[in-house]
Amino acid sequence: AGPMASLPGMGLAGLLKDGTKHISGVDEAVIRNIDACKQVGAIIRTSIGPNGMNKMVVSRSGKLFVTSDAATILRELEIVHPAAKLVEMASQAQDRDCGDGTGLVVVLAASLLEQAEVLLRTGLHTSEIIEGYERAGRQAQEILEKLEVHRVLNYKDVDRVAQVLRSTVASKQFGLEDIIAPLVAQACILTLPPNVQMFSVENVRVAKVLGASIRDSSVVRGTVLVGDSQGTVKHCRNAKIAIFTCDLDASQSETKGTVLLHSAEELKKYSRSEEDSLEEKLKSLSEAGVTVLAAPKFSEMSMHFIEKYKIMAVKCVSKFDLRRIARTTGAVALAKLQAPNKEEIGFCDEVTVEEIGSTKCIIFRQEKGDSRIATILLRGSTENLLDDIERAVDDAVNVYRGLLRDDLFVAGAGAAEMEIARQLLAIGDAAPGLEQYSIKKYSEALEVVPRTIAENAGANATDALANVAALHARGETSMGINIDDGSPIDTKEAKIFDLMSVKSRALRLATEVACTVLRVDQIIMAKTAGGPKPRDIMSADANDDDAV
């Protein structure tokens with residue numbers, strides 16, 4: 001009996017470590033998972049569309065976010081429920097791939113799972129629901145491809161590009177789309193490389209300066225750094241630029257050494273030799289024609305010589321800002337303080353310190369030729385407003401990147417979703433077997449988009465949907481919902497377009513997430529380990545790695 005006494009108890013609890021949670025069965029696991037995803041959907045749903053409400057999220061570090069951007073909200077919420085985490089991951093994937101449509105993924109996935117719950121309670125098996133959903137997802141993609149209503153034929157036409165970016169900006173910053181969309185279009189076209197497929201989102205930067213209003217925002221061809229230059233030189237035309245990633249200071253030796261000094265004279269000589277070597281290096285820079293220096297730190301002694309040779313000094317602590325200057329000017333960042341050769345020196349038409357509002361900014365302006373970087377200088381009254389406008393700008397730049405790859409647009413304002421839902425309903429009616437129930441529910445789930453747009457606009461959603469559905473049945477497939485009063489609106493006339501590739505990706509991700517959550521029938525969660533939490537790599541600045 002001795003050895004037997006130490007054996008664990010019976011059942012699954014006996015197999016696993018103490019504190020492990022175990023949930024199984026349709027009622028417990030599946031319905032619980034669906035419920036968690038519905039909660040996430042409910043949070044995001046009210047933030048969708050031009051009239052979407054903002055969420056105020058305070059992160060663990062005390063940073064305040066006021067935004068209606070789904071990816072930002074979910075990232076800062078730090079969701080721990082495993083099923084809801086899947087929905088969050090899908091929205092992050094959408095953010096990485098398309099940069100827009102993150103809310104659509106979350107709301108669609110939650111809506112599909114909500115409809116699946118109804119089918120489960122009716123008695124359908126999860127495998128039948130999954131089969132139906134997957135088929136409906138494939139059909140929805142086919143229908144979507146036939147719904148093209150608009151193309152941007154000229155990528156370099158600011159007006160045409162701004163027109164298609166308006167709906168993206170309006171969904172985040174309603175009322176400002178006519179100001180922001182042309183700015184983004186202008187900035188994107190300035191940085192367009194000869195091979196348009198090589199367009200990089202990183203080349204359109206945003207500089208946020210408090211004060212004035214959003215109408216005072218502008219586009220600068222080049223880079224803008226918020227801050228003042230060191231020293232007295234504030235302007236430089238036809239500048240030659242050297243960039244160093246090391247501090248500009250008297251050289252430190254690699255190894256530690258001890259210097260034995262016998263007299264004050266020797267100490268003077270020793271200090272003088274250090275000064276002379278630093279002066280020699282800065283003199284060689286000046287002789288190489290360098291008129292602007294960018295480095296992370298300048299010592300007092302180096303500033304003395306920099307002033308002597310009338311060089312403009314730009315302090316740049318962030319390595320990403322140094323990279324941006326290098327990109328703008330074509331300079332090569334050097335790791336050691338030495339005179340650069342011709343290939344390593346950058347060129348800029350004008351480097352100047354300008355006071356914008358009460359904020360000093362260093363502007364690297366390229367007046368002619370194709371600058372590889374353009375900066376949108378945003379003005380606004382509060383930090384939070386500027387942050388949120390920056391997110392809208394980011395989405396719009398991503399849509400521009402998307403349209404360079406595939407410039408097909410579908411009707412916005414919920415029109416495309418209504419049409420896919422209508423056609424899927426007909427397919428569901430004709431489908432044999434139990435699949436038809438889930439195909440019909442999939443079509444019902446798609447109606448969440450126009451319904452939400454109407455609800456967030458304060459209109460009667462049922463009436464608005466019925467009116468639009470009646471027009472779609474007559475073949476007017478570009479009719480969407482007018483956010484002013486909930487009446488039907490012709491999206492072609494109103495120029496409300498959504499990028500097809502964003503919709504297509506969102507539909508695919510939402511279907512995959514819904515099917516993944518439905519496939520789970522057991523949740524086994526180990527007790528969380530003690531000790532410090534592992535560092536989350538994704539919590540770093542999302543653009544750090546590729547902000548080359």
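The analysis underlying the following values was restricted to heavy atoms, covering all of them including side chains, and did not include hydrogens, waters or symmetry mates.
Classification of R391 and D388 as a salt-bridged pair holds, one side-chain N sitting under 4.0 Å from a carboxylate O. K55 has no carboxylate O lying under 4.0 Å from a charged side-chain N of E76, or vice versa, which leaves the two without a salt bridge. The residues K440 and E444 are annotated as not salt-bridged, no charged nitrogen and carboxylate oxygen being separated by less than 4.0 angstrom. Ion pairing between R205 and E202 holds under the 4.0 Å rule for side-chain N and carboxylate O. For K503 and E417, the salt-bridge test passes: some basic side-chain N is under 4.0 Å from an acidic carboxylate O.
Not a single side chain to side chain donor-acceptor pair (under 3.5 Å) links D95 to another residue, sequence neighbours left out.
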- Message: Between E117 and R121, does the salt bridge (charged side-chain N to carboxylate O under 4.0 Å, His left out) criterion hold? Intermediate values first, please.
- Response: CA-CA 6 Å; E117 187 180 358; R121 297 209 187 281; 3.0 Å; yes
- Task: Apply the test side-chain contact (heavy atoms from CB on, under 4.5 Å) to residues Y133 and L112: give CA-CA distance (whole Å), side-chain angles for both, the deciding distance (0.1 Å), then the verdict.
- Result: CA-CA 9 Å; Y133 272 8; L112 286 169; 3.9 Å; yes
- Run the salt bridge (charged side-chain N to carboxylate O under 4.0 Å, His left out) check on E476 and R422 step by step: do they pass? CA-CA 12 Å; E476 295 180 40; R422 187 186 71 79; over 6 Å; no
- Task: Show your working on side-chain contact (heavy atoms from CB on, under 4.5 Å) between I44 and L74 and close with a plain yes or no.
- Result: CA-CA 9 Å; I44 301 299; L74 291 177; 4.1 Å; yes
- Message: Evaluate E88 against V40 for side-chain contact (heavy atoms from CB on, under 4.5 Å), listing each step before the verdict.
- Response: CA-CA 9 Å; E88 186 200 342; V40 176; over 6 Å; no
- Task: Tell me, with the steps shown, if V517 and C37 meet side-chain contact (heavy atoms from CB on, under 4.5 Å).
- Result: CA-CA 9 Å; V517 171; C37 298; 4.1 Å; yes
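For the atom pair T452 OG1 and E455 CD, the distance stands at 5.5 Å (nearest 0.5 Å). Note: I496 CD1 to N482 CG = 7.5 Å, rounded to the nearest 0.5 Å. How far CG of L64 is from CG of D387: 9.5 Å, rounded to the nearest 0.5 Å. Atom OG of S111 sits about 7.0 Å away from atom CZ of R45, to the nearest 0.5 Å. The CG atom of L499 sits 6.5 Å away from atom CG of L403, with the distance rounded to the nearest 0.5 Å. Atoms NZ and CZ, from K492 and F409 in turn, are 15.0 Å apart once rounded to the nearest 0.5 Å.
Around atom NZ of K38, more than 12 heavy atoms belonging to other residues, nucleotides or ligands sit under 6.0 Å away. Summarising the local packing, CZ of F199 is surrounded by more than 12 heavy atoms from other residues, nucleotides or ligands at distances under 6.0 Å.
Scanning both residues, T375 and V224, for their nearest heavy atoms gives OG1-N, 3.6 Å. Across all non-hydrogen atoms, the minimal contact from V468 to G480 is CG2-O, 3.7 Å. When all heavy atoms are compared, the tightest approach of I376 to A187 is CG1-CB, 3.8 Å. Residues T102 and A70 come closest through the heavy atom pair OG1-CB, 3.6 Å. The minimum heavy-atom distance between S443 and L424, with the atom names listed, is CB-CB, 3.6 Å. The minimum heavy-atom distance linking I481 with I489 is given by the pair C-CG2, 3.7 Å.
For S504 (side chain) and M500 (main-chain N/O), no donor-acceptor pair under 3.5 Å exists by modelled atom type. Side-chain atoms of R379 come within 3.5 Å of backbone atoms of V209 as a donor-acceptor pair (strictly under, hydrogens ignored). The closest donor-acceptor contact from the side chain of S213 to the backbone of R215 lies under 3.5 Å. For S167 (side chain) and D498 (main-chain N/O), no donor-acceptor pair under 3.5 Å exists by modelled atom type. A distance-only check finds no donor-acceptor pair linking the side chain of S47 to the backbone of N54 [under 3.5 Å].
Using modelled atom types, one finds a donor on one side chain and an acceptor on the other under 3.5 Å when comparing E419 with Q423.
In this structure, L86 and N33 have side chains that are not in contact, with every pair of non-hydrogen atoms separated by 4.5 Å or more. Using a 4.5 Å heavy-atom cutoff, the side chains of Q94 and V502 are in contact. With contacts defined as side-chain heavy-atom distances shorter than 4.5 Å, the pair R75/T72 qualifies. With contacts defined as side-chain heavy-atom distances shorter than 4.5 Å, the pair V80/K85 does not qualify. The shortest distance between side-chain heavy atoms of T168 and N398 does not fall below 4.5 Å. Between V30 and I34, some side-chain heavy-atom pair lies under the 4.5 Å cut-off. The closest side-chain heavy-atom distance from T462 to R451 is below 4.5 Å. With contacts defined as side-chain heavy-atom distances shorter than 4.5 Å, the pair E447/M418 qualifies.
Geometrically, K63 engages F65 in a cation-pi contact, judged by NZ or CZ lying under 6.0 Å from the ring centre and within 45° of the ring axis.
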